[in-house]
Protein chains: 2
Amino acid sequence: MALDGGELGRSAYVGARVSPQRAAIARAADAMTSAFSVDDLLEAVRRQVPGVGAATVYRAVSAMEASGFVESLGVREGSAIYARCHSGEHHHHLVCTGCGAVSDAECPVAPERYTASDGFRVTGHSLVLYGQCAKCQSAPSSISPHGRGGGI
Amino acid sequence: MALDGGELGRSAYVGARVSPQRAAIARAADAMTSAFSVDDLLEAVRRQVPGVGAATVYRAVSAMEASGFVESLGVREGSAIYARCHSGEHHHHLVCTGCGAVSDAECPVAPERYTASDGFRVTGHSLVLYGQCAKCQSAPSSISPHGRGGGI
DNA sequence: ATCTGTGCAAAATCTTTGCATTAGC
DNA sequence: GCTAATGCAAAGATTTTGCACAGAT
């Protein structure tokens, strides 16, 4: 991944203008190794660019989602959570319920498998896999330290 | 799945008490052929039992979800949507993006398929399939393409 | 010069929660 | 009678939206 340099903003997801804020937001999203909420992102971004507004991050996340730079994983504790997509290919995400770590997974869905069913034609799907990462399996299931990227 | 008689409340999802409200809510949920929001449910229930409070429906839906009577499909337009589960078996849902109709689908996910990946152990997943039902394919579909975020 | 992106704050929603009351079991 | 379930209303929280302004193209 390592979108080095400062070119993340320009190459990652494109807004018409590449503002310092959006660049920082993209960089922060890219640095996330776990599933994150808009608030997590806002907090991370503000460490780099103080004063960024929440609305800006919401708007940027919408843009990033629309362009496939991040994917929505659903809702956790009332707020939407996202994961950075490291591949342009169609794929899914494995999310650790212990620490929130996210990794890519290939897609097991074959649309043809369902096409017959009632004449229903499958055109898309949404899948998120949950489980425990190696680290969390060996760890003595202590409750995830409440902090960023905490358990899902 | 015609839960005959008026015994839906008692057999379907169990609260400690079977109130008229919960029975009506269960019946209404069972009658839903499409994905529904809490508000849809509330509206339907009130036609049978006027005066039911929104909080009651929210509480009942939580109970129904916990017992597997309904499943959350995600969020559409800001509110959570659900579908009635007609099988106790593990399964998923096909949701028509045209009319919201829901039907059951078998699960394509083999946890073993992922277990190797980084030592990650898959323990669960969430999948919703989107597409168009036979009816909507022939109809001159007017609205809603397909959106992210569990959109219908 | 134009028009996207920003920030602040108010607004709009959806959900949850507190509390007194009602009513299953 | 014990206690879950209800209803109403207020509280909470997350997102969205309006507006005037700054900055990139």
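Every heavy atom of this structure was used, including side-chain atoms; hydrogens, water molecules and symmetry mates were not. Predicted model only: the values in this text are computed from it and were never measured. We name chains A, B, ... by the order of the sequence lines, and we start the count at 1 in each one.
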Taking OP1 and OP2 of D:dT6, is either one under 4.0 Å from a side-chain nitrogen or oxygen of B:R22? yes
In terms of heavy-atom contacts, B:A28 and B:A44 come closest through CB-CB, 4.2 Å
Counting distance only, does the side-chain N/O of B:R46 pair as donor-acceptor with the main-chain N or O of B:V52 below 3.5 Å?
-> yes
Winner on side-chain proximity to A:A55, out of C:dA9, D:dT14, D:dC8, is C:dA9
Whole-Å distance, B:R17 CZ to C:dT22 C1', equals 11 Å
query: Going by the angle between their ring planes, with limits at 30° and 60°, are A:H125 and A:H92 parallel, tilted or perpendicular?
result: tilted
Please work out if B:A80 contacts a base, only the sugar-phosphate, or nothing of the nucleic acid, heavy-atom cut-off 4.0 Å. sugar-phosphate
B:E43 CD to C:dC14 C1', in whole Å, measures 16 Å
Rounded to whole Å, the CZ-P distance (B:R59 to D:dC8) equals 11 Å
A:L42 atom CG is separated from C:dC8 atom C1', nearest whole Å, by 13 Å
Between CD of B:E77 and C1' of C:dA12 the distance, given in whole Å, is 14 Å
Under 4.0 angstrom between B:Y58 side-chain N/O and C:dT16 OP1 or OP2:
no
To the nearest angstrom, the CD1-P distance between A:I81 and D:dT14 comes to 14 Å
| request: Using only side-chain N and O atoms of A:Q21, determine if any of them is under 4.0 Å from OP1 or OP2 of C:dG7. | output: yes
A:Q137 and B:G119 have their tightest heavy-atom pair at NE2-O, 2.7 Å
Is any side-chain nitrogen or oxygen of B:T56 closer than 4.0 Å to OP1 or OP2 of D:dA5? no
Here the distance between atom P of D:dA13 and atom CG of A:D40, to the nearest Å, is 16 Å
Rounded to whole Å, the CZ-C1' distance (B:R76 to D:dT15) equals 18 Å
d(A:R113 CZ, B:L129 CG) to nearest 0.5 Å is 10.0 Å
